[in-house]
**Student:** 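After the structure tokens below, expect a handful of questions from me.
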Amino acid sequence: MAEVRSLNFIEEIVERDLREGKYEKIITRFPPEPNGYLHIGHAKSICLNFGLAATYGGETNLRFDDTNPVTEETEYVESIKEDIRWLGFQWHRERYASDYFEQLYEFAVKLIRKGLAYVDDSTSEEIAAQKGTPTTPGTESPYRSRSVEENLELFAAMRAGKYRDGEKVLRAKIDMAHPNMHMRDPIMYRIKHAHHHRTGDKWCIYPMYDFAHGQSDAIEQITHSICTLEFVPHRELYDWFIEKLEIYPSKQYEFARLNMNYTVMSKRKLLRLVNEGHVAGWDDPRMPTISGMRRRGYTPESIRDFCERVGVARRDNVIDVGLLEFCVREHLNKVAERRMVVFDPLKLVITNYPEGKTEMLESENNPEADNGGTRPVPFSRELYIEREDFMENPPRKYFRLAPGQMVRLKSAYIVRCDEVIKDSSGNVVELRCSYLPESRSGADTSGVQVKGTIHWVSIPHAVEVEVRLYDRLFKVENPDEGEGDFTDYINPDSLTIIEKAYGEPELLTARTSAKRYQFLRKGYFCLDTSSTDDKLVFNRTVTLRDTWGGGKK
RNA sequence: UGCCCGAUGGUGUAACUGGCAACACGCCUGAUUUUGAUUCAGGAAAGUCCAGGUUCGAGCCCUGGUCGGGCAACCA
């Protein structure tokens with residue numbers, strides 16, 4: 001009996017609609033505005049919309065909500081498409097709200113003819129004043145009672161470019177005293193003499209979101225139009241337009257957007273991080289953008305898994321970034337090949353090992369994989385180990401190297417630290433050790449048991465690589481709520497670059513294999529896109545789980 | 001002072017629609033381990049915002065509160 005995952009509230013609605021024969025198949029849509037890059041919050045929406053269509057045998061359209069030419073660009077369209085594809089989803093139709101401009105215009109004319117829309121000459125300040133406040137009713141515009149003929153003429157003139165930006169708008173005629181602010185004669189069209197990324201200079205009037213989104217849904221016969229909670233008050237207007245226009249009755253459903261601690265999620269703030277140079281770009285590995293996470297080494301599988309785990313509901317939520325990290329680790333643990341890389345080298349010389357000798361040892365690529373295979377790792381008399389894997393005065397349960405103590409060198413031999421060499425100022429510069437020849441990995445007859453195993457790299461065979469370590473972008477859980485600006489809380493240590501780390505020679509194949517790795521005991525890494533043949537750069541996707549208290553009580 | 005949402009362990013979701021609160025992350029213990037990883041076993045942690053009501057029985061229904069969030073861009 002397979003475990004049945006309980007349905008989220010939207011799946012329940014869909015199943016009921018299907019069961020009752022309301023629809024033969026469902027059609028959803030993902031409607032980004034091309035004014036920024038997609039982030040992990042969008043991923044949740046993408047997984048929801050595309051996931052619904054996939055599990056219930058429907059279709060999902062990709063529709064760009066491009067009704068504001070001043071903020072939208074083709075660059076964003078391209079990045080959005082790339083991100084969706086990378087996440088593993090395929091849209092049915094690629095559409096743009098701008099594809100429907102002509103039809104939307106006709107819709108507006110229809111409303112004017114029905115006496116349900118009018119051209120208003122009020123300034124934006126006047127309109128704002130007319131709106132009233134949430135607790136006090138609004139007042140009617142002096143232009144509200146223009147005749148249908150006059151409105152028709154004026155609206156046509158607006159389209160024809162007879163007026164300047166802001167001179168006139170087209171408003172729906174509903175109710176200025178409506179308790180729902182969105183129903184107080186909302187603006188349908190505004191004048192913007194701006195170049196549009198798709199329609200060029202064809203139009204100088206552009207529909208507002210409320211007069212474009214639901215209508216586009218209807219045109220595409222979207223059955224379930226899923227959006228986030230902030231659009232709940234818009235639903236009444238969404239339904240009003242559909243009813244008055246007598247078009248396909250798409251239904252809007254709202255869910256709670258994804259929030260995550262230690263980061264910001266609004267496009268406006270992400271744009272500021274980019275523009276003000278706090279990060280290197282939209283795809284900076286510290287960004288919660290899809291492109292940033294991709295560059296950081298996250299896998300599509302892990303992001304989809306994450307979106308599945310966070311669930312879909314209607315209450316505000318803040319997801320612990322730890323859950324995201326768990327999801328990548330779980331996936332990468334199964335697929336990443338293991339490699340040894342020393343970040344902070346300490347020289348270790350094996351005094352009883354022949355000078356000039358090189359031994360090729362075999363090491364498992366991935367103990368979690370059935371056929372992971374092995375790779376050769378060169379071993380010699382002089383090695384680098386991690387400086388933190390040695391302590392002159394170790395705490396009680398320190399399993400690593402210390403004077404007189406033994407450790408296993410991963411996939412190699414057991415060594416004992418015999419002597420500590422220091423420089424004139426007392427810094428440890430070298431460890432003189434002896435190895436147990438009968439303790440070779442896989443052929444250990446020494447009978448010696450050690451608690452610790454550490455990674456290492458043979459000095460003469462080591463390859464130098466750059467390693468970039470990332471920490472959370474913000475120092476506090478919620479950068480939005482503190483005093484001052486959210487940028488005040490940026491973590492100054494969110495990026496640590498180790499220009500010279502020493503890796504085993506097998507790493508040289510990274511350029512052509514483009515694999516993801518687990519650097520033993522260090523975390524999961526992937527090759528950064530800035531790598532060249534001369535210089536390999538690795539990004540740390542996430543550390544390994546660490547439950548060791550570091551020796552402290 | 002209006003309208004609209006929401007409220008279940010630290011976090012996020014469940015609870016077959018009224019039948020003695022479950023799963024995951026995190027945390028703690030122990031076992032295994034040539035990664036202090038993984039894996040495995042076990043544990044702590046909410047009595048479901050509050051007060052009434054309906055009912056044999058309420059996290060689910062009703063009423064009234066409380067608390068949190070949203071709504072007054074020619075943004076989406």
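Proteins get letters first, then strands, A, B, ... in listed order; numbering begins at 1 in each.
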**Student:** List in numerical order all residues of residues 31-42 of chain A for which some heavy atom is under 4.0 Å away from an atom belonging to RNA chain B.
**Tutor:** A/Glu33
**Student:** Please determine whether a side-chain nitrogen or oxygen atom of A/Thr67 lies at a distance below 4.0 Å from atom OP1 or OP2 of B/rA76.
**Tutor:** yes
**Student:** Taking only N/O atoms, report every protein-nucleotides 3-12 of chain B pair under 3.5 Å with atom names and distance.
**Tutor:**
from   : atom 1 : to       : atom 2 : distance (Å)
B/rC5  : O3'    : A/Arg314 : NH2    : 3.4
B/rU8  : OP2    : A/Arg315 : NH1    : 2.6
B/rU8  : O4     : A/Arg315 : NH2    : 2.9
B/rU11 : O3'    : A/Val318 : O      : 3.3
B/rU11 : O2'    : A/Val318 : O      : 3.2
B/rG12 : OP1    : A/Val318 : N      : 3.2
B/rG12 : O2'    : A/Val310 : O      : 2.7

**Student:** Take atom CG of A/Asn259 and atom P of B/rG68, then tell me their distance rounded to the nearest Å.
**Tutor:** 18 Å
**Student:** How far, in whole Å, is B/rC16 from B/rU32 if one measures between their C1' atoms?
**Tutor:** 39 Å
**Student:** Provide the closest heavy-atom pair for A/Leu332 versus A/Gly297 in the form atom of the first, atom of the second, distance.
**Tutor:** CD2-O, 4.3 Å
**Student:** Identify each atom pair where a protein N or O and an N or O of nucleotides 30-33 of chain B are less than 3.5 Å apart, giving names and distance.
**Tutor:**
none

**Student:** Applying side-chain contact (heavy atoms from CB on, under 4.5 Å), can you list everything that pairs with A/Ser124, at least two apart in sequence or on another chain?
**Tutor:** none
**Student:** Closer than 4.0 Å, any side-chain N/O of A/Arg329 to the OP1 or OP2 of B/rC25?
**Tutor:** no
**Student:** In whole Å, what separates the P atom of B/rA51 from that of B/rC40?
**Tutor:** 42 Å
**Student:** On RNA chain B, does the nearest nucleotide to A/Lys168 precede the nearest nucleotide to A/Phe9 from the 5' side, or the other way round? Give the residue.
**Tutor:** A/Phe9
**Student:** Which dot-bracket notation, 5' to 3', represents the base pairing of RNA chain B when pairs are defined as Watson-Crick or G-U with both distances under 3.5 Å, crossing pairs as [ ], and inter-strand pairs as |?
**Tutor:** .((((((..((((.....[..)))).(((((.......))))).....(((((..]....))))))))))).....
**Student:** For nucleotides B/rC20 and B/rG52, find the distance between their C1' atoms and express it as a whole number of Å.
**Tutor:** 23 Å
**Student:** Can you tell me how far P of B/rC74 sits from CH2 of A/Trp203, to the nearest Å?
**Tutor:** 21 Å
**Student:** What is the distance from NZ of A/Lys334 to P of B/rA37, rounded to the nearest Å?
**Tutor:** 18 Å
**Student:** For B/rA76, does OP1 or OP2 lie under 4.0 Å from any side-chain N or O of A/Arg257?
**Tutor:** no
**Student:** Write out a two-atom table: protein N or O, nucleotide N or O from nucleotides 39-46 of chain B, distance below 3.5 Å.
**Tutor:**
none

**Student:** Figure out the CZ/C1' separation between A/Arg171 and B/rC74, and round it to whole Å.
**Tutor:** 10 Å
**Student:** Ignoring backbone atoms, establish whether A/Thr547 has a side-chain N or O less than 4.0 Å from OP1 or OP2 of B/rA37.
**Tutor:** yes
**Student:** With no hydrogens and no angle check, do the side chains of A/Glu330 and A/Ser302 hold a donor and an acceptor under 3.5 Å apart?
**Tutor:** no
